[in-house]
Protein chains: 2
Amino acid sequence: MALRFALLAALYEEPLTGYDLTLKFKTRLANVWNASHQQIYKELGKLHEEGLVSVEDIPQQGKPDKRLYRINETGEAALSDWVNTAHNRPPTRDPLLVKLFAGGLLDRDKLAHELADTRQIWREQLAYYRSVEAQYFTSRAEMPAHFRFQHLALRRGILGMESNLQWLGEVEAMLADLAAGV
Amino acid sequence: MALRFALLAALYEEPLTGYDLTLKFKTRLANVWNASHQQIYKELGKLHEEGLVSVEDIPQQGKPDKRLYRINETGEAALSDWVNTAHNRPPTRDPLLVKLFAGGLLDRDKLAHELADTRQIWREQLAYYRSVEAQYFTSRAEMPAHFRFQHLALRRGILGMESNLQWLGEVEAMLADLAAGV
DNA sequence: TCGATCATGTAACAGGTTACATGATTTT
DNA sequence: AAAATCATGTAACCTGTTACATGATCGA
């Protein structure tokens, strides 16, 4: 149920195609919501059928026509209702932590490699979020509330990644201790 | 695919019933993996069919018989393989952040209430994780590697919740600013 | 010339949620 | 007297993943 509202929220900013939305989910919305292009195209179809968005077909040559989606009043009302009702926190499911829980079975070299890869990903994510913050959210002038809220969503990504990296530091320190026989 | 390994990892500690596992997922494994009792019973059935666990039926009166599951060698081998192969990071999906992204549509009072509830939940989670840490992971003596790894899984829960609460502070400060017209 | 980018989709399957079902015992 | 706890499950449904499909253009 929430994917559709993530789409509507993205369209609330500006009209977009399924392709654009796929990119947006992979970049600016990476810390907010994830969805594959298959899911996105399907859900956009439903949203259109149900009359929450309108479509403009833009012919192209050599490629399928662009289908530009635009949120309409019905869609905005539905989005508004949804954002103003409370929802449960999503449950946690992290395979890396499952592995640590079975600690006794771990191959420490392999774990070290997985952690190094993870660190790399988290660093890049953090760098990206920080660059977005620097670009869009550091103006000295007062920003409209809409953008201040979006900034807070981004702050979550930044603080979360910082916390992830801090934790990784603890894990790697422990692995080093173990290797040194402490 | 990962639920089964979360179950095997839990059974790697000690034999448990589906009911016990459900409780464990809600408490000690809350920051690791989530699953409903329906999912758990179904997957335990499969695990047994496929010969990764054995079952001991313990008759009771007034209640259905207990079915005590025990990981066997095949299961341990499968778990060992799995924990030593790398997996992608799970994608993020957070309805609260979707709401912030649609900031302009937010009813600030309702948001404040949802945030207050969220704070409450996170505080309780943090308090619980800290109590587990205090009880099991603060002995001065050297712990076997298995427990040190489990401690790290718990540390992730603690650091994550601290980060969540720090972020909530930023959000609430911003709401206060807005209310004050800043 | 090979892979990436642009641009849309269908279909099968796996994983997760919600609703339903039963029933004794213990706690409030 | 009602609600929570113990203890197991089935079934329908919704959501998300993986595999498959097409085809032009552009940069390395």
Side-chain angles (χ1 to χ4, degrees), chain A residues 1-8 10 15-27 29-30 32-50 53 55-69 82 87-95 98, chain B residues 1-8 10 15-27 29-30 32-50 53 55-69 82 87-95 98:
Chain A
M1 262 298 92
L3 167 59
R4 61 172 35 203
F5 298 106
L7 289 168
L8 290 172
L16 293 168
T17 66
Y19 191 85
D20 297 334
L21 283 161
T22 306
L23 291 186
K24 207 171 193 171
F25 274 59
K26 277 198 196 128
T27 52
L29 284 163
V32 171
W33 200 267
N34 175 271
S36 64
H37 73 99
Q38 293 92 331
Q39 253 187 306
I40 290 169
Y41 285 118
K42 205 206 290 180
E43 193 65 32
L44 284 172
K46 276 195 213 167
L47 248 16
H48 184 229
E49 261 182 48
E50 294 171 31
V53 297
V55 193
E56 182 187 344
D57 279 301
I58 299 166
Q60 297 194 119
Q61 54 224 51
K63 300 175 203 168
D65 293 357
K66 268 195 194 181
R67 315 206 74 205
L68 191 65
Y69 289 89
W82 185 82
H87 293 92
N88 293 331
R89 295 268 75 222
T92 306
R93 287 190 186 95
D94 190 336
V98 173
Chain B
M1 261 297 90
L3 166 61
R4 62 171 36 201
F5 298 107
L7 289 168
L8 290 173
L16 293 168
T17 66
Y19 191 85
D20 297 334
L21 283 160
T22 305
L23 292 185
K24 207 171 193 172
F25 274 59
K26 278 197 195 127
T27 52
L29 284 163
V32 172
W33 200 268
N34 176 272
S36 64
H37 73 98
Q38 292 93 331
Q39 255 187 305
I40 290 169
Y41 286 117
K42 205 206 290 181
E43 194 65 33
L44 284 172
K46 276 195 212 168
L47 248 17
H48 184 228
E49 261 182 49
E50 294 171 32
V53 298
V55 193
E56 182 186 345
D57 279 301
I58 300 165
Q60 297 194 119
Q61 53 224 52
K63 299 177 204 170
D65 293 357
K66 269 196 194 181
R67 315 207 74 206
L68 190 66
Y69 289 89
W82 185 84
H87 293 92
N88 292 332
R89 294 268 75 221
T92 306
R93 289 190 184 96
D94 190 336
V98 173

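Per chain, numbering begins at 1; letters A, B, ... match sequence-line order.
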If the condition is side chain to side chain donor-acceptor pair (under 3.5 Å), which residues does [X] pass it with, not counting sequence neighbours?
X     : answer
A:D57 : A:R67
A:K24 : A:E13, A:E14
B:T22 : none
A:E43 : A:R4

Original post:
In chain order, what residues pass the ring-ring contact (aromatic ring centres under 6.0 Å, His included) check against B:F5, with sequence neighbours excluded?
Top reply: B:W82

Nearest whole angstrom, please: distance from the [atom2] of [N] to the [atom1] of [X].
X     : N      : atom1 : atom2 : result
B:K42 : D:dA12 : NZ    : C1'   : 11 Å
A:N34 : D:dG16 : CG    : P     : 9 Å
B:K66 : D:dT5  : NZ    : P     : 16 Å
A:Q38 : D:dG16 : CD    : C1'   : 10 Å
B:L23 : D:dA4  : CG    : P     : 16 Å
B:H37 : D:dC6  : NE2   : C1'   : 12 Å
B:K26 : D:dT5  : NZ    : C1'   : 11 Å
A:L3  : D:dG16 : CG    : P     : 6 Å

Touch check for [X], heavy atoms < 4.0 angstrom, all strands: base, sugar-phosphate only, or nothing?
X     : answer
A:R4  : nothing
A:T22 : nothing
B:Q60 : sugar-phosphate

**OP:** Using five pairs at either end of the helix from C:dT1-D:dA28 to C:dT28-D:dA1, determine the angle between the two local helix axes and round it to 10 degrees.
**Re:** 50°

Original post:
Does B:V53 reach the side chain of B:L8, with side-chain heavy atoms less than 4.5 Å apart?
Top reply: yes

**OP:** Report the residue (A:K46 or B:R67) whose heavy-atom-nearest nucleotide on DNA chain D is the more 5′ of the two.
**Re:** B:R67

Original post:
Taking for each residue the nucleotide of DNA chain D with the nearest heavy atom, is it B:T17 or B:P91 whose nucleotide lies nearer the 5' end?
Top reply: B:T17

Subject >> Span of DNA chain C in contact with chain B (heavy atoms, under 4.0 Å) >> reply: C:dG15 to C:dA24

Original post:
Mind checking what makes salt bridge (charged side-chain N to carboxylate O under 4.0 Å, His left out) contact with A:R93, not counting sequence neighbours?
Top reply: none

Original post:
By salt bridge (charged side-chain N to carboxylate O under 4.0 Å, His left out), which residues pair with A:D20, not counting sequence neighbours?
Top reply: none

Original post:
Can you list the steps and then say if A:L7 with A:F25 is a side-chain contact (heavy atoms from CB on, under 4.5 Å)?
Top reply: CA-CA 9 Å; A:L7 289 168; A:F25 274 59; 3.9 Å; yes

